[in-house]
Protein chains: 2
Amino acid sequence: MDTTQERTEAQDLPYNAFAKACPSRGTLEHVTGRWGGLTLGALYEGSLRFNELRRRVDGVSEKMLSQTLHALQRDGLVRRDAQPTNPPRVDYELTPLGRGVAERLLNLIHFVEGQMDDVLEARVRYDETRGAL
Amino acid sequence: MDTTQERTEAQDLPYNAFAKACPSRGTLEHVTGRWGGLTLGALYEGSLRFNELRRRVDGVSEKMLSQTLHALQRDGLVRRDAQPTNPPRVDYELTPLGRGVAERLLNLIHFVEGQMDDVLEARVRYDETRGAL
DNA sequence: CGGGATCCAAGCCGATACTG
DNA sequence: CAGTATCGGCTTGGATCCCG
């Protein structure tokens, strides 16, 4: 049990996202960023080519997808497999580490999707009371 | 069938975050946004006051915390409990819905924290090969 | 203490054009 | 097909000041 009131909540763990300087925050932001999560989610079903991915992640621009992919690749979550053919063919797939992240992410995504009716209802109630002012 | 080109695009599932127009994307962004995840995570252990929360979520500004809290409250994930005392006391706590989201979020956060050594190592490898150019 | 309002810098991100 | 480079608008988000 916890006698001290100062809980860092992870005295035994080396990384703590709640601390400003922790590097896990950066990775978390790549992963939960606007396109990071959807990109990892899309790749969970299997490897995809650049433009396939673009169509899957509806609304992402070339630039942002490219940027997102680079960040994820650098963090070791995505692997890039380029064949020097003509026309070029480049496949992106999750690393084992990426699969672990994507799994948790999809878990969250699906949960939220499943609760959207409640969320939308809550919004209406909120806007009724607050928006009336 | 769908003769018009304006597709509501979720014939089998009610919500699909991969579709550009799906409202779940908005909620997902509140939840996975820069401060949303950490805020929900911090509240998972119990209700907190505004400035307690601010200290927990290291680095967040008043403005962003306030903004984040409003969005989460509107989505029905956080409840605000204000006592009209002097000085004022306002407690924030998760709703049952918020607990469900926070659980999945913490799952992701802890997983990433646990893999940071691998991530950092991957970054070094990436920078060695690509940064050398 | 618990915020709201404002100003301003940094960056996110899309559109476009170009390369291999 | 698979990207990179650049420009520019719009948003994000921090700092500051203010109020109940």
Side-chain angles (χ1 to χ4, degrees), chain A residues 18-21 25-39 42-43 47-74 78-93 126 129-133, chain B residues 20-21 25-39 42-43 47-74 78-93 126 129-133:
Chain A
F18 289 90
K20 189 168 52 179
R25 259 204 201 174
T27 298
L28 238 8
E29 279 170 26
H30 296 156
V31 155
T32 63
R34 181 137 177 226
W35 305 114
L38 294 175
T39 301
L43 288 174
S47 75
L48 290 171
R49 302 174 62 175
F50 188 82
N51 281 314
E52 287 176 335
L53 209 37
R54 249 197 89 178
R55 281 186 292 274
R56 284 274 196 145
V57 183
D58 191 18
V60 69
S61 68
E62 289 186 6
K63 181 179 158 187
M64 291 319 298
L65 181 56
S66 172
Q67 200 171 298
T68 300
L69 249 12
H70 278 308
L72 296 177
Q73 194 194 338
R74 191 168 104 100
V78 164
R79 186 170 42 178
R80 184 188 132 111
D81 183 20
Q83 267 107 277
T85 60
N86 194 332
R89 178 191 180 94
V90 180
D91 288 281
Y92 291 92
E93 60 182 333
Y126 182 92
T129 45
R130 304 269 143 160
L133 303 180
Chain B
K20 188 170 51 180
R25 256 201 204 177
T27 299
L28 239 6
E29 278 170 26
H30 296 156
V31 155
T32 62
R34 183 141 176 220
W35 305 114
L38 294 174
T39 301
L43 288 174
S47 76
L48 290 171
R49 302 176 60 176
F50 189 82
N51 281 315
E52 286 176 336
L53 210 37
R54 252 197 83 177
R55 282 186 291 273
R56 284 276 193 145
V57 183
D58 190 17
V60 69
S61 68
E62 290 184 5
K63 179 182 161 186
M64 292 320 297
L65 181 56
S66 172
Q67 198 171 299
T68 300
L69 248 13
H70 278 308
L72 295 177
Q73 194 194 339
R74 191 167 105 98
V78 165
R79 186 170 41 180
R80 185 187 132 111
D81 183 20
Q83 269 119 44
T85 60
N86 194 331
R89 179 190 179 93
V90 181
D91 288 281
Y92 290 93
E93 61 182 333
Y126 182 92
T129 45
R130 300 217 76 257
L133 303 180

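A quick note: this is a predicted structure, and the numbers were derived from the prediction, not measured.
For the pair Ser66(A) and dT4(D), the criterion of a side-chain N or O lying under 4.0 Å from OP1 or OP2 is met. Under 4.0 angstrom from either OP1 or OP2 of dA2(D) there lies at least one side-chain N or O belonging to Arg49(A). Distances shown here put every side-chain N or O of Arg89(B) at or beyond 4.0 Å from the OP1 or OP2 atom of dG2(C). For dG3(D), neither phosphate oxygen OP1 nor OP2 lies less than 4.0 angstrom from any side-chain nitrogen or oxygen of His70(A). OP1 or OP2 of dC1(D) has not a single side-chain nitrogen or oxygen of Tyr92(A) nearer than 4.0 Å.
Residues Val60(B) and Arg54(B) meet the side-chain proximity criterion, which asks for heavy atoms closer than 4.5 Å. Side-chain contact between Lys20(B) and Arg25(B): present, with at least one pair of heavy atoms (C-beta onward) separated by less than 4.5 Å.
One interatomic measurement links the two molecules: CD of Glu52(A) to P of dA2(D), which rounds to 8 Å at whole-angstrom precision. The separation between Phe50(A) atom CZ and dT4(D) atom C1' is 10 Å, rounded to whole Å. Rounded to whole angstrom, the span from the CD atom of Gln67(A) across to the C1' atom of dA2(D) amounts to 16 Å. At whole-Å resolution of the value, CG in Leu65(B) and P in dT12(D) are 17 Å apart. Arg34(A) has its CZ atom 12 Å from the C1' atom of dC10(D), to the nearest Å. Residue Glu29(A) contributes atom CD, which lies 12 Å from atom C1' of dG13(D) at whole-angstrom precision. Taking atom CZ of Arg80(A) as the reference point, atom P of dA2(D) lies 10 Å away to the nearest angstrom. If you take NZ of Lys63(A) and P of dT19(C), they are 19 Å apart, rounded to a whole angstrom.
Residue order along DNA chain D, read from the 5' end via each residue's closest nucleotide, puts Asn51(A) first among Val60(B) and Asn51(A). Mapped onto DNA chain C by nearest heavy atom, Ser61(A) and Pro88(A) fall at different nucleotides, with Ser61(A) at the one closer to the 5' end. Residue-to-nucleotide proximity on DNA chain C shows that, of Glu62(A) and Val90(B), the 5′-proximal contact is made by Val90(B).
Under the 3.5 Å distance criterion, the side-chain polar atoms of Ser66(A) are left unmatched by any main-chain donor or acceptor of Glu62(A). Without hydrogens or angle criteria, Thr68(A) side chain to Met64(A) main chain gives a donor-acceptor distance under 3.5 Å.
The aromatic rings of Tyr92(B) and Phe50(B) lie tilted to each other, with the angle between the two planes from 30° to 60°.
Using a 4.0 Å heavy-atom cutoff across all strands shown, Gly33(B) reaches no nucleic acid atom at all.
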